[in-house]
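Structure, as structure tokens:
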Amino acid sequence: MKQRLCKLLARALADLANHDTLPVGYDAAAIHIERARRKGHGDFASNVALTLADRASLPPRELAQAIVERLPASDFVDQVEIAGPGFINFFLSRAAFEAVVPDVLEAGDAFGRSDIGAGKKVQVEFVSANPTGPLHVGHGRGAAYGAAVADLLQAVGFEVQREYYVNDAGRQMDILATSIWLRYQELSGEAVPFPASGYRGDYIYDIAGQLYRQHGKRLQRSASEVVRDLPLDISEGGDAEARIDALISRAKTLLGESQYRQVHNYGLETILASIRQDLEQFGVHHDVWFFERSVTQSSAMKDAIERLRASGHVYNKDAALWFRSTDYQDEKDRVLIKNDGQHTYFASDFAYHINKLGRGFGRLIDIWGADHHGHVPRMKAAFSAIGEDPAKLDVLLVQFAVLYRGGKKLQMSTRSGEFVTLHELCKEIGKDAARFFYVMRKCEQHMDFDLDLAKSQTADNPVYYVQYAHARICSVFRQMQEKKLTHNRDNGNAHLDLLTESHERDLLVALSRYPEVVESAATALEPHQIPHYLRGLANGFHTYYNAHTFLVDSADLRDARLNLIAATRQVISNGLKLIGVSAPEKM
RNA sequence: GCGCUCUUAGCUCAGCUGGAUAGAGCGUUGGCCUCCGGAGCCAAAGGUCAGAGGUUCGAAUCCUCUAGGGCGCGCCA
């Protein structure tokens, strides 16, 4: 509908250009048409006359007048008006909006989809939490956002791949393996003081217990050997990080490569399985689970660094290998290979992104926690250095959800074991409420997550308001059957002109906006637009419901109204599905 | 200290890439079921868009400065 108006305007402008009123060089793509914000301003408004007034050397209102005079006639425009400083307001005909009802009913689940993505390959990488513990509510926001972004892009015609990057190769994993083994030592009667920097969560005991049942005392070593000559922990006035590093190498020495690897892998696999399960319960799916080790244990890492080296932006200093990212506006240069010969996290992450590009994605979307924002410039710098367009990479920084319980801020830490898991959240407030709540806020906004509120007053969650509208419409159709009434869709479509109430027109307008909202949310990577739209649509329906009866005696009016609410039900269902929320027929 | 980011109603947040009189929910106050589900509807009160300059026909939106919050600033991941 918007596009049709654009065409009308473009023709009027072209006409003006031919008559020398306008310079020929105006940018046709710059024609802006927007939904009018106020009812008195019609349905759509354009500000072209304001933006082009300077170049036409005319006052905006005069230019607007000239444009309006040259607008081709159209059967879906009732009236055009010049208002304010020079806005052109379009008042659309009833027919223009009525058409949306048969459109929705015809398209069904597909209503709102489009092909603006033209089948281009996009990858969305999200969650990617270190497999060192179960997902907690902090990860939930990234999961809900990433899933919604991916679904939105798919809805507008991109070929989307959803990926989870598993950091299975770093020091964090060694800390995990060592933590598990030390708990195992406790169970087998060789306890040593648990390090301050170890993972303290209860789930570590669970994994250690399973390990003990499988292996008995095979992995047991004497406690005195474990702690012999270790540096002091922080509780003893020492350094926590030095202590845990020493424990890691002690575990590797005492267990040997093979047994240490067994503990390590068992921890990884167990936790990864629980993460997959939690995500599944949360309605989030990943197509590919990509392991960091597949980069670090292949030539990919070397190749990636070679590509950087070949670009001439790499140098040696202090026995380490550096990337001169300051050549591309980064704050400081970054180390690729440490002086101990090990690669940095940045190096493997870069190699991973090279791998992604090699898989033919024209666009990469990473969803990161806001604490990683410093990594964006260096990754883009690396893209630039090797001749890749940094604009191919979109990083969505998701701010942390700050948790409150009893009015007090909750600290979340996987290490200390103090966190609320995503699993618990789903159990307490349900997947639908959690998904809706997470996606409702735009991602760069800090978010307060009050657990007490989410748990105790679940009815206040706007998700129920939207779902209720859906269930209510279903209920109307159940009532219709009980009353032995019928619904003829074709007859309804033939009598849409009977929908003359202002509530009906408002609902028609809201329905016609849906494809625009989906497109806008997808291109801006802003899924929060969907819940906000759905709230408004549900409100339109509830208002209508209270003001008018649908199951009236007149079959023509009844069919038309039932078509309208059936279309509303369809759009609510489509919108909820995009953000991973179910559309119940009863509540 | 430096960098990024945020600040909109009592609270939690929208505000459609610069548009017209800044909008919702919760909370508060007052109304609405003999009727398709009251998890609903209607109405009222509530604002110096953190503050100050600037850019222009026009600013919550863009620029600068100031104040306050968050996050980064390691040869950790």
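By convention in this document, chain letters (A, B, ...) are assigned in the order of the sequence lines, proteins followed by strands, and residues within each chain are numbered from 1. None of these values were measured; they are calculated from a predicted model.
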NZ or CZ of R441(A) within 45° of F437(A) ring axis and under 6.0 Å: yes
Between protein and nucleotides 3-10 of chain B, what N or O pairs are separated by less than 3.5 Å?
| unit_1 | atom_1 | unit_2 | atom_2 | d |
| --- | --- | --- | --- | --- |
| G3(B) | N2 | H373(A) | NE2 | 2.8 |

Base orientation of C33(B), syn vs anti, 90° cut from 0: syn
Face-on cation placement of R569(A) at F477(A) ring, 6.0 Å and 45° thresholds: yes
Side-chain donor/acceptor of R200(A) to backbone N/O of P195(A), under 3.5 Å: yes
Gap between atoms CG and C1', on D43(A) and C16(B) respectively (whole Å): 16 Å
Separation of atom CZ in R441(A) from atom P in G25(B), rounded to whole Å: 14 Å
Atom-to-atom span, CD of Q479(A) to P of C33(B) - whole angstrom: 20 Å
Value in whole Å for how far the P atom of C76(B) lies from CG of D371(A): 18 Å
Side chain of K483(A) - closest among C36(B), C75(B), G37(B): C36(B)
G40(B) phosphate, OP1 or OP2, under 4.0 Å from T543(A) side-chain N/O: no
Complement of A39(B), any strand, by Watson-Crick or G-U distances under 3.5 angstrom: none
A60(B) - base-pair partner by Watson-Crick or wobble geometry, distances under 3.5 Å: none
Donor-acceptor contact present, side-chain S512(A) to main-chain V509(A), <3.5 Å: yes
Identified pairing partner of U7(B), criterion: Watson-Crick or G-U wobble below 3.5 Å: A67(B)
Spacing between R61(A) atom CZ and G58(B) atom C1', to the nearest angstrom: 15 Å
Atom P, compared across U7(B) and C49(B): separation rounded to whole Å: 14 Å
Near-parallel close stack of Y545(A) and C36(B) base (under 5.5 Å, under 30°): no
Base paired to C49(B) (Watson-Crick or G-U; both N/O distances under 3.5 angstrom): none
Options A39(B), G37(B), C41(B), nucleotide nearest the side-chain atoms of Y464(A): A39(B)
Pairwise C1' distance for G18(B) and A59(B), with rounding to whole Å: 7 Å
Side-chain touch K252(A)/D174(A), heavy atoms, less than 4.5 angstrom: yes
Touch class at under 4.0 angstrom, heavy-atom based, for N130(A) against every strand present: sugar-phosphate
Where protein sits on nucleotides 18-24 of chain B, one letter per nucleotide: B base, S sugar-phosphate only, - none, heavy atoms under 4.0 Å: -BBB-SS
G72(B) versus G27(B) - spacing of their C1' atoms, nearest Å: 37 Å
Same-atom distance (C1') from C6(B) to G51(B), integer angstrom: 16 Å
Between C36(B) and A24(B) - P atom distance, rounded Å: 29 Å
Check: E519(A) main-chain N/O paired with T523(A) side-chain donor or acceptor under 3.5 Å: yes
Criterion side-chain contact (heavy atoms from CB on, under 4.5 Å) against L176(A), the qualifying member of I204(A), L268(A), N130(A): I204(A)
Donor-acceptor contact present, side-chain H470(A) to main-chain P584(A), <3.5 Å: yes
Rounded distance (nearest 0.5 Å) linking atom NE2 of H548(A) with atom CD1 of I565(A): 13.0 Å
Separation of G72(B) C1' from F346(A) CZ (nearest whole Å): 16 Å
Any N/O donor-acceptor pair, H343(A) side-chain to A77(B) base, under 3.5 Å: no
Residue mapping more 5' on RNA chain B - nearest nucleotide basis, R478(A) or G374(A): R478(A)
Per R171(A) side chain, nearest of listed nucleotides G74(B), A77(B), C36(B): A77(B)
Residue Q172(A), side-chain heavy atoms: nucleotide from C71(B), G37(B), A77(B) that is nearest: A77(B)
Integer-rounded Å distance: G38(B) C1' and R472(A) CZ: 7 Å
Counterpart base for U34(B), defined by Watson-Crick or G-U wobble contacts under 3.5 Å: none
Within 45° cone of F323(A) ring axis and under 6.0 Å: R378(A) NZ or CZ: no
Residue whose closest nucleotide on RNA chain B lies nearer the 5' end, M440(A) versus N546(A): M440(A)
G23(B) pairs with, by Watson-Crick or G-U criteria that keep both distances under 3.5 Å: C13(B)
Paired nucleotide for G1(B) [Watson-Crick or G-U wobble; both distances under 3.5 Å]: C73(B)
Ring-face cation of R513(A) near Y533(A) (centre distance under 6.0 Å, axis angle within 45°): no
OP1 or OP2 of C76(B) under 4.0 Å from side-chain N/O of K338(A): yes
L507(A) CG to G40(B) C1', straight-line distance once rounded to whole Å: 15 Å
Residue Y465(A), side-chain atoms from C-beta onward, closest of G40(B), C36(B), A77(B): G40(B)
Output field: ring centroids Y438(A)/Y145(A) closer than 6.0 Å: no
